[in-house]
Amino acid sequence: MASRGTASGAAAMALLLSLGIIGVARGQLQVGFYSDSCPDAEDTVTAAVQDAAASDPTILPALLRLQFHDCFVRGCDASVLIRSASNDAEVDNGKNQGLRGQDVVDAAKAQLEDQCPGVVSCADIIALAARDAVAMTGGPSFDVPTGRRDGLASNLRDADVLPDAADSISVLRSRFAAAGLNDRDLVLLTAAHTVGTTACFFVKDRLYGFPLPGGRTGSDPSIPAPFLAELKARCPRGDFNTRLPLDRGSGGAFDDSILRNIRSGLAVIASDAALAGSNATRALVDAYLGPAAGSFQGDFAAAMVRMGSIGAITGDGDGDGGEVRDVCSAFNTN
């Protein structure tokens with residue numbers, strides 16, 4: 001395994017053992033999968049992420065989003081990276097609008113093909129890059145199990161299952177449950193919005209098109225008046241492209257500010273605000289801002305590992321067996 005993984009190996013091993021992911025669990029994914037076959041694999045991915053972030057720090061939250069969008073559709077199989085001349089691949093679904101980070105994965109893959117041809121999967125590169133993105137924004141450092149293979153299908157309509165910025169809490173809970181994740185995972189993975197931005201396009205319905213009694217539309221009445229005025233000033237009617245931080249006041253650093261904003265009614269997008277509308281998720285938000293505050297970062301890392309294990313293909317009796325793509329944007333031809 002690469003030296004970066006070794007540095008935090010003891011703590012990560014304890015975490016992964018507690019999750020039951022080492023060895024035969026989770027379809028044979030394991031920390032250090034490439035330690036013999038491609039010893040510098042993890043360091044190579046880290047270097048590619050560092051290079052990209054040096055010129056564009058906003059790529060870090062984009063890499064987190066990339067893994068989320070990959071894993072929630074067909075599992076963590078790099079299906080989101082496939083490009084189609086007929087625009088009918090998973091990435092072409094409107095829910096993947098603005099998805100970025102594919103070029104970082106491609107850069108890491110090209111280097112790894114020079115070092116260890118045909119060994120490191122694109123799906124594993126996505127997972128490792130997301131791990132690095134968390135650490136580089138001030139979040140926890142952790143190891144992820146690897147050994148994923150790349151999937152053999154990518155279809156536009158498959159991405160309809162992705163959670164949406166306008167989803168209610170009941171829809172969010174249902175989508176997460178369908179992926180094998182629970183309410184705690186929902187709260188923790190939503191907290192990834194502590195870094196990154198969103199476009200006014202994803203806020204406009206809360207500000208101008210929210211359904212109101214009598215068939216009217218207007219502003220979401222749950223938004224406090226001063227915050228509503230602030231959002232409208234940032235996103236005037238008809239402006240779809242201006243970007244604003246998802247975590248008001250702390251959009252550049254990984255911390256628990258996003259949970260404080262959710263609790264205070266200062267969530268920017270509706271799906272984040274929805275966590276305050278359910279007793280179960282509200283209680284978890286309150287816990288991570290109180291008695292469980294000390295476990296927030298560790299629990300977030302654990303949720304990332306769980307998400308990264310969804311539907312993982314290992315080629316060991318789990319369906320299509322997958323492949324290790326030569327190029328991440330296209331299936332192998334042989």
Item to check | Nearest-0.5 Å distance, CG of residue Leu259 to CG of residue Asp272 | outcome: 9.5 Å

Checklist entry - Is the backbone of Asn241 close enough, under 3.5 Å, to the side chain of Asp239 for a donor and an acceptor to pair up by distance? => result yes

Item to check | side-chain hydrogen bond (donor to acceptor under 3.5 Å, both in side chains) partners for Ser79, two or more places apart | outcome: Asp77, Glu90

Next on the checklist: Can you give me the closest heavy-atom contact between Leu212 and Ser219, atom names plus distance?
Outcome noted: CD2-O, 3.9 Å

Item to check | Expected output: side-chain Asn87 to main-chain Asp92 donor-acceptor under 3.5 Å | outcome: no

Checklist entry - What's the shortest heavy-atom distance between Ala274 and Leu172, and which atoms? => result CB-CD1, 4.2 Å

Checklist entry - So, do Val195 and Asp247 sit near enough that their side-chain heavy atoms are less than 4.5 Å apart? => result no

Checklist entry - Does Leu181 belong to the same Ile/Leu/Val/Met/Phe/Trp/Tyr cluster as Leu162, with side-chain heavy atoms less than 4.5 Å apart forming each link? => result yes

Next on the checklist: For a quick test of reading the model, state the closest non-hydrogen atom pair linking Cys328 to Asp106 and the distance between them.
Outcome noted: CB-OD1, 3.6 Å

Please output the side-chain donor-acceptor pairs of residues 196-205 that fall under 3.5 Å, not counting sequence neighbours, one pair per line with the distance.
| residue | atom | partner | partner atom | Å |
| --- | --- | --- | --- | --- |
| Thr197 | OG1 | Arg243 | NE | 2.8 |
| Thr197 | OG1 | Arg243 | NH2 | 3.3 |

Checklist entry - Quick one: does Ser154's side chain get under 4.5 Å of Phe331's, heavy atoms only? => result yes

Next on the checklist: If we check side chain to side chain contact (heavy atoms under 4.5 Å, CB included) with Ser121, which of these qualifies: Asp150, Ile126, Thr314?
Outcome noted: Asp150

Next on the checklist: Applying a strict under-4.5 Å side-chain criterion to I, L, V, M, F, W and Y, I'd like to know whether Val324 and Val120 cluster together.
Outcome noted: no

Next on the checklist: What I'd like to find out is whether the side chain of Val45 reaches to under 4.5 Å of the side chain of Asp132, using heavy atoms alone.
Outcome noted: yes

Item to check | Arg263 (side chain) donor-acceptor with Arg260 (main chain) under 3.5 angstrom | outcome: no

Item to check | Of all pairs that satisfy ring pair (Phe, Tyr, Trp, His ring centres under 6.0 Å), the ones with a partner from residues 106-130, not counting sequence neighbours | outcome: none

Checklist outcome for this item: Taking every heavy atom of Gly308 against every heavy atom of Cys71, the minimum-distance pair comes out as CA-SG, 4.1 Å

Checklist entry - Do side-chain atoms of Arg325 reach the backbone of Gly151 as a donor and acceptor pair under 3.5 angstrom? => result yes

Checklist entry - Can you tell me if CG on Asp114 sees more than 12 non-hydrogen neighbours from other groups inside 6.0 Å? => result yes

Checklist entry - Mind checking whether Phe210 and Val268 sit in one hydrophobic cluster, side chains of I, L, V, M, F, W, Y counted as touching below 4.5 Å? => result no

Checklist entry - Going by atom types alone, do Asp255 and Ser250 pair a side-chain donor with an acceptor below 3.5 Å? => result yes

Next on the checklist: Quick check for you: to the nearest 0.5 Å, what is the distance between Leu188 atom CG and Leu284 atom CG?
Outcome noted: 8.0 Å

Checklist entry - Distance-only, no hydrogens or angles: does the Thr190 side chain make a donor-acceptor pair with backbone N or O of Leu275 under 3.5 Å? => result no

Next on the checklist: Suppose the criterion is ring pair (Phe, Tyr, Trp, His ring centres under 6.0 Å): which pairs have a residue in residues 168-191, not counting sequence neighbours?
Outcome noted: Phe72-Phe176

Checklist entry - Is Cys235 close to Lys232 at the side-chain level, that is, under 4.5 Å between some pair of heavy atoms? => result no

Next on the checklist: Between Asp124 and Tyr34, do the side chains contain a donor N or O and an acceptor N or O under 3.5 Å apart?
Outcome noted: yes

Checklist entry - If you round to the nearest 0.5 Å, how far is CZ of Arg234 from OG1 of Thr242? => result 8.0 Å

Checklist entry - Is the side chain of Asn93 donor-acceptor paired with the backbone N or O of Arg157 at a distance under 3.5 Å, no angle test? => result no

Checklist entry - Who pairs with Ser295 by side-chain contact (heavy atoms from CB on, under 4.5 Å), at least two apart in sequence or on another chain? => result Tyr288, Ala292, Asp299

Item to check | salt_bridge(Lys95, Asp160) N-O dist < 4.0 Å | outcome: no

Next on the checklist: I want to check something: taking the side chain as every heavy atom from C-beta on, are Val73 and Val80 in contact at a cut-off of under 4.5 Å?
Outcome noted: no

Checklist entry - Run the side chain to side chain donor-acceptor pair (under 3.5 Å) check on Asn155 and Asp158 step by step: do they pass? => result CA-CA 5 Å; Asn155 303 303; Asp158 288 345; 3.2 Å; yes

Checklist entry - Tell me, do Leu112 and Val119 make a side-chain contact under 4.5 Å, heavy atoms counted? => result no

Checklist entry - Which is it for Val91 and Ile82 under the side chain to side chain contact (heavy atoms under 4.5 Å, CB included) test, yes or no, and what are the steps along the way? => result CA-CA 7 Å; Val91 73; Ile82 293 295; over 6 Å; no

Checklist entry - Looking only at heavy atoms, which two atoms of Arg206 and Ile223 are closest? And how far apart? => result NH2-CG1, 3.2 Å

Next on the checklist: Hydrogens and angles aside, do Thr146 and Gln30 bring a side-chain donor and acceptor to less than 3.5 Å of each other?
Outcome noted: no

Checklist entry - Between CG of Leu63 and CE of Met136, what distance do you get to the nearest 0.5 Å? => result 9.0 Å

Checklist entry - Do Leu231 and Leu244 pass the side chain to side chain contact (heavy atoms under 4.5 Å, CB included) test, and can you show the C-alpha distance, the side-chain angles, and the key distance before you say yes or no? => result CA-CA 9 Å; Leu231 289 174; Leu244 60 162; 3.6 Å; yes

Checklist entry - Can you list the residues that meet the side-chain hydrogen bond (donor to acceptor under 3.5 Å, both in side chains) rule with Thr137, with sequence neighbours excluded? => result none

Checklist outcome for this item: Looking only at heavy atoms, the pair that brings Phe227 and Gly265 closest together is CD2-O, 3.7 Å

Checklist entry - Quick one: CG on Leu228 to CG on Leu266, what's the gap to the nearest 0.5 Å? => result 11.5 Å

Next on the checklist: Within the 4.5 Å heavy-atom criterion, are Val134 and Met304 side-chain neighbours or not?
Outcome noted: yes

Checklist entry - Step by step, would you call Phe300 with Phe142 a ring pair (Phe, Tyr, Trp, His ring centres under 6.0 Å)? => result CA-CA 10 Å; Phe300 176 82; Phe142 59 98; 7.3 Å; no

Next on the checklist: Test your reading of the model: is there a side-chain donor-acceptor pair from Arg148 to the backbone of Pro145, 3.5 Å cut-off?
Outcome noted: yes

Checklist entry - Should His193 and Ile269 be marked as a side chain to side chain contact (heavy atoms under 4.5 Å, CB included) after you check the CA-CA gap, both sets of side-chain angles, and the distance that decides it? => result CA-CA 10 Å; His193 290 165; Ile269 58 176; 3.8 Å; yes

Next on the checklist: Does any part of the side chain of Arg248, heavy atoms only, come nearer than 4.5 Å to the side chain of Glu230, both counted from C-beta?
Outcome noted: yes

Next on the checklist: Tell me whether Arg306 contacts the main-chain N or O of Asp185 through its side chain, where contact means a donor paired with an acceptor under 3.5 Å.
Outcome noted: no

Checklist entry - Is there a donor in the side chain of Asp40 and an acceptor in the side chain of Thr44, or the other way round, less than 3.5 Å apart? => result no

Checklist entry - Under 3.5 Å, is there a donor-acceptor pair between the side chain of Ser278 and the main chain of Ala280? => result yes

Checklist entry - Measuring from Leu99:CG to Gln102:CD, what's the distance to the nearest 0.5 Å? => result 5.0 Å

Item to check | Donor-acceptor contact present, side-chain Ser35 to main-chain Gly32, <3.5 Å | outcome: yes

Next on the checklist: side chain to side chain contact (heavy atoms under 4.5 Å, CB included) for Leu128 and Thr46? Distances and angles first, verdict last.
Outcome noted: CA-CA 8 Å; Leu128 293 169; Thr46 299; over 6 Å; no

Next on the checklist: Hydrophobic clustering (ILVMFWY, side-chain heavy atoms < 4.5 Å, transitive) - are Leu60 and Leu246 grouped together?
Outcome noted: no

